[in-house]
Structure formats: C-alpha cells, structure tokens
> 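I'd like to ask you about the structure that follows.
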Amino acid sequence: MKSALILGITGQDGSYLAEQLLAEGWAVHGLVRRASMFNRSRIEHLRSTPGPGRLTLHYGDLADVTSLRRILQKEKPREIYHLAGQSHVGLSFEIPEVTCQENGTATLNLLEILRDLDHPVRLYHAASSEIFGAPATAPQDEATAAAPVNPYGCAKAFATQLGRVYRHAYGLFVCNGIAYNHESPRRGENFVTRKISLGAAHIKAGRQAEIALGNLDARRDWGWAPEYVAAMRLMLQAPAADDYILATGRACSVREFATAAFAELGLELAFEGQGPAELARRKDTGAIVLRIEPKFFRPVESTTLVGDATRAQTRLGWIPRTAGAEVARAMARADYAALTS
Ligand code: G4F
C-alpha cells in the first residue's frame, strides 16, 4: 500500500488531501497536535468511512523533531505533504516569532530529517504567494523575486528558498507549491472569504444583523481548494521536483467577493463609506450594511497578487476551473445549506 504523511491534516487542505489519497487506496498518516479542545472536525468523517485506504493519526508536533523523525523512520512514507503552521497573515504581525518558528525553522528541521533518511521520499512544501509581498510586476511567475511584506511571507520565503537549496545541494525531491489564496467551505472562520460566506448565511437565517470587515479594496487571486490539492499531488508524481505557481490568474476585490456571496443568498449589500445619505437610502430598501473596522486592517497590505500558473498547466496538466465570484457563491450556498439542514 502506498503511504503518505500529511503535516497539517486537520486543516482545510490537509482534509481534502487525505480524502483524495484515501479514496485511491493510500495509507495516510497524519500528524496531529495535542490540544485542550478537539480540533479534528474536518477529518472526523474520514475516521469512520470504510474505504480502500487507511488513516492513521499520530500525536506529534513540528517543533518536536525527535518524534517526527521516529514517525518517518517507522512508517517510511513515500510522500510527505508539509501544510502545517500558523497561516494567518494578519495574525503574523501579532505573533511573528511563532509564525517564523512554525513556517520557517520547522521546515528547516524537516529538511534536515529528510537528508538523513535511508529511504527516498518526496516532499511537497506549501509555499505561498505571500513571498512576493507587493511585487512590481503582475502576474507573478516562478521567476518573480521574493519581497515579502509581513512576518508570514518572510517565513515562507525562507522555507521556500531552503527547499530549493536542499533540492540542489542534496538531491532531495522537494517541490514548492507557490499557492495563491484557495478557499472552500472548510476555510478557517477568520479568513475573509469564510467570514463573508458565514456572515451572509447567518444574516440570511436571521441569526446576525451585519458584518464587519477591514480593507474592502484588497484584491486577491481566489481559487478553489480541492483543485489546488489535486495540483499538490500532481507535483509529487512529476519526473523531477520543481517549484510551481498555483493560481487562477484572475483577481477580484474583497468588495466584489462579498457582493457575489450575499447576492447568491438574495441579499443586497450596502457599504459603510458610501456616504450617510446613500447608506440610509440603501438600508431603507432592505440592504445589509457591511461595516468597516480598523482592527481588521493590516499594518502593511500585500498588493497586486495574481499568479501565472502556465508552468503547472503545461507540465502537470493542471487547470484551475473555479475563481473569484464563483468561489464566493459556492461558499455562501454551502454555509447556508449547512446552517439550515
Ligand atoms: O483571507 P485573508 O486573511 O487571506 P490572506 O492574507 O490573503 O492569506 C491567505 O492566502 C495566502 C495565499 O495563499 C496564504 F499564504 C495565507 O496563509 C492565507 O491562506 O485576507 C485576504 C484579504 C487581505 O487583503 C485582507 O486585508 O482580505 C482583507 N480583509 C479585509 N477584511 C480581511 C478582512 N482579512 C481578514 N482575515 N479579515 C477581515 O475582516
């Protein structure tokens, strides 16, 4: 039975990846952290599903190098997907040290373990568009220079470059997936897309009156997470390791994303900042007010992040099909259905 280890299996991407591998009969090993609250809701359904694959969860932590080494030596996975670590960009300004340890140093520790293993292993590293920060050119491709503008982006740039160094210096099969934002109904609730889709669903169901966000003019290249997970797998099946941009090539603003999500549930949005008279008029016609809260703004905003995934398309045959407003509509539908079922 082919086996894979997923670091970050309880997250959005990890849960979709586990699902795909189990459906194809893989033995899937997942590293889970001990936490006072159970945090496995995204993979709970996989533990009871009889399927061709087999799921084994191991207590561990990327910071606990010895336990990680033991798991790798014992289970000898053929593929490792490194998706773990603090992934909230805004929060990385508040907890920069943890962010850098989990995304930077922990990746170095993992690469060092892999160097010493006596069996071949292929590593997918979840790099990020945040390594580009506020690039001078758009769209970005694999040759665009890293210039991160937040602690999270710095940590990811460090880890991405180390992946390249270990690939070239020691011949390790390390792929960096430089992924742009990818969303789904399993997205964490403090990312803007899920805040919007959940907010729309709660308002539609009469459980909430309004939502508050930060920078509505921020633009992102939003894709659909299960499609990105498929690309991760393709990378590790390729004849040689390389870096790949994963992006839709289309950007839309937070304002457009929110408008699409609310419209999908039959709700009209009015934006604070449209002027008091206009806002009052829109409220009178039943529009929902989207409030702006300064606390959701970041000290520095990444800009013009839109990716060119030509390499992934031509070499891996990967074509992202779902983007922007379509993602917003699908998330709003899913959240409303879950709330009312
Ligand atoms: O949803 P976000 O927090 O995602 P962000 O910062 O783009 O990062 C995500 O995508 C990256 C690329 O794949 C990943 F590397 C990273 O780990 C994470 O998955 O924010 C998106 C945009 C930002 O410009 C932010 O300023 O939305 C803006 N925004 C506006 N109001 C908000 C809010 N973001 C959040 N989280 N909450 C708000 O209320």
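For ligands, and for the atoms within them, numbers begin at 1 and follow the listed sequence. In this chain, residues are counted from 1 in sequence order.
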> Short list, please: which atoms of ligand 1 are under 4.0 Å from a heavy atom of A218?
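In order of number, 24 (O).
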
> Should one rank K195, R298, R220 by closest heavy-atom distance to atom 20 (O) of ligand 1, which comes out on top?
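Among K195, R298, R220, the closest heavy atom to atom 20 (O) of ligand 1 belongs to R298.
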
> Provide the number and element of each atom of ligand 1 under 4.0 Å from a heavy atom of V89.
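Near V89, the atoms of ligand 1 are 6 (O), 8 (O).
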
> Looking only at heavy atoms, is any part of S302 under 4.0 Å from ligand 1, and if so is it the side chain, the backbone, or both, or is it neither?
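Within the 4.0 Å criterion, S302 makes no contact with ligand 1.
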
> Only one of M235, E142, R164, R311 forms a side chain to side chain contact (heavy atoms under 4.5 Å, CB included) with D242, so which one is it?
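When M235, E142, R164, R311 are each tested with D242, the side chain to side chain contact (heavy atoms under 4.5 Å, CB included) holds only for R311.
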
> Identify the protein heavy atom lying closest to atom 36 (N) of ligand 1, giving its residue, its atom name and the separation to 0.1 Å.
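Of every protein heavy atom, N190 O, 3.0 Å lies nearest to atom 36 (N) of ligand 1.
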
> Is it the case that more than 12 heavy atoms not belonging to R33 sit under 6.0 Å from its CZ atom?
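Result for CZ/R33: open.
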
> So if I count the atoms of ligand 1 from 1 in the order they appear, which ones are less than 4.0 Å from some heavy atom of A179?
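In order of numbering, the contacting atoms are 12 (C), 13 (O).
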
> For residues I211 and L216: do they belong to one hydrophobic cluster (side chain heavy atoms under 4.5 Å, members Ile, Leu, Val, Met, Phe, Trp, Tyr)?
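Yes; L216 is reachable from I211 via cluster members.
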
> What's the shortest distance from atom 5 (P) of ligand 1 to any protein heavy atom, and which residue and atom give it?
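Protein heavy atom with the smallest distance to atom 5 (P) of ligand 1: N181 ND2, 3.6 Å.
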
> For ligand 1, does F297 get within less than 4.0 Å through its side chain, its backbone, both, or neither, judged by non-hydrogen atoms?
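Neither part.
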
> To the nearest 0.1 Å, how far is atom 15 (F) of ligand 1 from its closest protein heavy atom, and which atom is that?
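Here the nearest protein heavy atom works out to S128 OG, 2.5 Å.
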
> Of the protein's non-hydrogen atoms, which lies at the shortest distance from atom 26 (O) of ligand 1, and what is that distance?
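Result: E301 OE1, 2.7 Å.
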
> Here's a test for you: under side chain to side chain contact (heavy atoms under 4.5 Å, CB included), which of I6, N39, T10 qualifies with V32?
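Of all the options given, the one that passes is T10.
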
> Can you see which heavy atom on E227 is nearest to which on R321, and at what distance?
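Answer, listing the atom of E227 first, then R321: OE1-N, 2.9 Å.
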
> Suppose we measure from atom 19 (O) of ligand 1 to each protein heavy atom; which comes out shortest, and what is that distance?
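Answer, as residue, atom name and distance: R187 NH2, 2.8 Å.
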
> Examine L267 and L290 and state if one hydrophobic cluster contains both, with Ile, Leu, Val, Met, Phe, Trp and Tyr joined whenever side-chain heavy atoms are less than 4.5 Å apart.
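Same hydrophobic cluster.
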
> Could you pull out, from T193, V192, T303, the option with a heavy atom nearest to atom 32 (C) of ligand 1?
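Considering heavy atoms of T193, V192, T303, the nearest to atom 32 (C) of ligand 1 sits in V192.
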
> Does the distance from a Lys or Arg side-chain N to an Asp or Glu carboxylate O, for R115 and E112, drop under 4.0 Å?
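Salt bridge: yes.
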
> Apply side chain to side chain contact (heavy atoms under 4.5 Å, CB included) to A230 and list each qualifying residue two or more places apart in sequence or on a separate chain.
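With sequence neighbours excluded, A230 shows a side chain to side chain contact (heavy atoms under 4.5 Å, CB included) to Q20, given in chain and number order.
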
> With heavy atoms of Y180 as the reference, note each atom of ligand 1 found under 4.0 Å away.
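Answer, ordered by atom number: 12 (C), 13 (O).
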
> Which residues satisfy the ring pair (Phe, Tyr, Trp, His ring centres under 6.0 Å) test with W318, sequence neighbours excluded?
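Scan of W318 (ring pair (Phe, Tyr, Trp, His ring centres under 6.0 Å), adjacent residues dropped) gives Y228.
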
> Out of the candidates Q237, R122, R233, K2, only one should pair with E79 under the side-chain hydrogen bond (donor to acceptor under 3.5 Å, both in side chains) rule; please name it.
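Going through Q237, R122, R233, K2 one by one, the side-chain hydrogen bond (donor to acceptor under 3.5 Å, both in side chains) with E79 is satisfied by Q237 alone.
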
> Go through ligand 1 atom by atom and flag the ones less than 4.0 Å from a non-hydrogen atom of G214.
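Selected atoms, number and element: 30 (C), 31 (N), 33 (C), 39 (O).
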
> Given G223, A127, S87, which has its nearest heavy atom closest to atom 16 (C) of ligand 1?
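Looking at heavy atoms only, S87 sits closest to atom 16 (C) of ligand 1.
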
> Which of the atoms of ligand 1 are close to H88, meaning less than 4.0 Å from one of its heavy atoms?
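Once the distances to H88 are compared, the set is 36 (N).
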
